[in-house]
Peer 1: 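Sending over a structure as structure tokens; questions will come in a sec.
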Number of protein chains: 2
Amino acid sequence: MDNRKFEKISKALSDASRLSILQQFKKKQDCVYCTEVHDLLDLAQPSISHHLKQLVDAGLLIPEKEGRNLKYTLNETVLDDYITSLQRLKL
Amino acid sequence: MDNRKFEKISKALSDASRLSILQQFKKKQDCVYCTEVHDLLDLAQPSISHHLKQLVDAGLLIPEKEGRNLKYTLNETVLDDYITSLQRLKL
DNA sequence: TCTAAATATCTAAATGTTTCAATTAATAAG
DNA sequence: CTTATTAATTGAAACATTTAGATATTTAGA
């Protein structure tokens, strides 16, 4: 993973709202819907859209359209690649 | 590790200059001096001071005074804790 | 003590991020 | 086709971060 991608993922992980979204996946054990995120966070709809976009752009979430709804799954591969890059920082 | 600490570390990792600083530890295999960072990055001295402060505040670097110089060591424990938190995000 | 070197702090400009109201786009259901 | 629902986009305000110049602090050495 190059430095730009690493920075982008780090930035995506550096916000309380986005961290809550990611932690929601653990609770749901599968996928998370856009609407659920709206219930989870006390933020206006465009703000949620913005945060989800950042997580998708970083590659951490995979979006999938289901009619009018939007379903997200966690991309564990990207998370693993990020962890590998962190391990490499160690001496 | 609580979410605030996680966010702080993520933010510290989300900048090109700070990432370069951390990668310098790999090259040096031990510690890094403030002066070396000044040579490494094409930034004014106060900017470097600012970046190093953020890495120290996040707990990633441990500062140690050596006369007029400042020596930094990488805190691998914090890095490991951060990695553990990331692992926990996985399903 | 005086000077030079290394680092920190203060201040301000430039830039980036977060947030929401308003609007738009897409789709499902009647 | 019309309406309601879900999500994205636009535009702007509030806030935070990055950067550097000027200045202050600390310490080493003459």
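A, B, ... follow the sequence lines: proteins, then strands. Residue 1 opens every chain.
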Peer 1: At what distance, to the nearest 0.5 angstrom, does CG of B:Leu52 lie from CD1 of B:Ile48?
Peer 2: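 It is 7.5 Å, given to the nearest 0.5 Å.
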Peer 1: Hey, which of these two, B:Gln54 or A:His50, hits DNA chain D nearer its 5' end, going by closest nucleotide?
Peer 2: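 Nearest-nucleotide comparison on DNA chain D picks A:His50.
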Peer 1: Below 3.5 Å, can you tabulate the donor-acceptor pairs from side chains in residues 80-91 of chain A to any protein atom, sequence neighbours excluded?
Peer 2:
from	atom 1	to	atom 2	distance (Å)
A:Asp80	OD1	B:Lys90	NZ	2.6
A:Tyr82	OH	A:Ser10	OG	2.8
A:Tyr82	OH	B:Tyr82	OH	3.1
A:Thr84	OG1	A:Asp80	O	2.9
A:Ser85	OG	A:Asp81	O	3.3
A:Gln87	OE1	A:Lys90	NZ	3.4
A:Lys90	NZ	B:Asp80	OD1	2.6

Peer 1: Among all residues two or more places apart in sequence or in another chain, which pass the salt bridge (Lys or Arg N to Asp or Glu O under 4.0 Å) test with B:Glu7?
Peer 2: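 Partners of B:Glu7 under the salt bridge (Lys or Arg N to Asp or Glu O under 4.0 Å) test: none.
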Peer 1: Using a heavy-atom distance cut-off of less than 4.0 Å, which residues of residues 8-44 of chain B contact DNA chain C?
Peer 2: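 Under 4.0 Å from DNA chain C: B:Cys34, B:Thr35.
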Peer 1: Round to a whole Å and report the spacing from CD1 of A:Ile48 to P of C:dC20.
Peer 2: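 Going from A:Ile48 (CD1) to C:dC20 (P), I get 8 Å.
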Peer 1: First locate atom SG of B:Cys31, then atom CG of B:Leu61, and finally report the distance between them rounded to the nearest 0.5 Å.
Peer 2: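 The distance works out to 11.5 Å.
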Peer 1: Can you give the first and last nucleotides of DNA chain D, 5' to 3', that have an atom under 4.0 Å from a heavy atom of chain A?
Peer 2: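 Span of nucleotides near chain A: D:dA4 to D:dT9.
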Peer 1: CD of B:Glu64 to NZ of B:Lys71: how many Å apart, nearest 0.5 Å?
Peer 2: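 Rounded to the nearest 0.5 Å, the CD-NZ separation comes to 5.0 Å.
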Peer 1: With rounding to the nearest 0.5 Å, note down the distance linking NE2 in B:His51 to CG in B:Asp15.
Peer 2: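 If we round to the nearest 0.5 Å, B:His51:NE2 and B:Asp15:CG are 4.5 Å apart.
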Peer 1: Which of these nucleotides, C:dA22, C:dA8, C:dT19, is closest to any side-chain atom of B:Ser49?
Peer 2: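 Of the candidates, C:dA8 comes closest.
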Peer 1: Go ahead and name the base partner of D:dA30; Watson-Crick or wobble counts if both distances stay under 3.5 Å, otherwise write none.
Peer 2: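 Base-paired to C:dT1.
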Peer 1: Quiz question: by atom type and distance under 3.5 Å, do the side chains of B:Gln23 and A:Asn3 form a donor-acceptor pair?
Peer 2: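 Distance-only check passes for B:Gln23 and A:Asn3.
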Peer 1: Scan nucleotides 23-29 of chain C against the protein and return all N/O pairs shorter than 3.5 Å with their distances rounded to 0.1 Å.
Peer 2:
from	atom 1	to	atom 2	distance (Å)
C:dA28	O4'	A:Arg68	NE	3.4

Peer 1: Is B:Ile62 reachable from B:Leu55 through a run of hydrophobic residues whose side-chain heavy atoms are each under 4.5 Å from the next?
Peer 2: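 Cluster IDs for B:Leu55 and B:Ile62 differ.
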Peer 1: Expressed in angstrom and rounded to an integer, what is the separation of A:Lys53 atom NZ from C:dT18 atom P?
Peer 2: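 It is 13 Å, rounded to the nearest whole Å.
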Peer 1: Quick one, B:Gln24 and B:Val37 - any side-chain contact, counting heavy atoms below 4.5 Å?
Peer 2: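 No, every pair of side-chain atoms sits at 4.5 Å or beyond.
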Peer 1: With DNA chain C as reference, determine whether A:Pro46 or B:Leu52 sits nearer its 5' end, using the nearest nucleotide of each.
Peer 2: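 Checking each residue's closest nucleotide, the 5'-ward one belongs to B:Leu52.
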Peer 1: Is there a side-chain polar atom (N or O) of A:Ser47 under 4.0 Å from OP1 or OP2 of C:dC20?
Peer 2: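 Indeed, a polar side-chain atom of A:Ser47 lies that close.
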Peer 1: Can you name the residues that form a side-chain contact (heavy atoms from CB on, under 4.5 Å) with A:Pro46, not counting sequence neighbours?
Peer 2: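 Listed in chain order: A:Ala44.
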Peer 1: In the single-linkage hydrophobic clustering (I, L, V, M, F, W, Y; side-chain heavy atoms under 4.5 Å), do A:Leu13 and A:Val78 co-cluster?
Peer 2: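 Same cluster.
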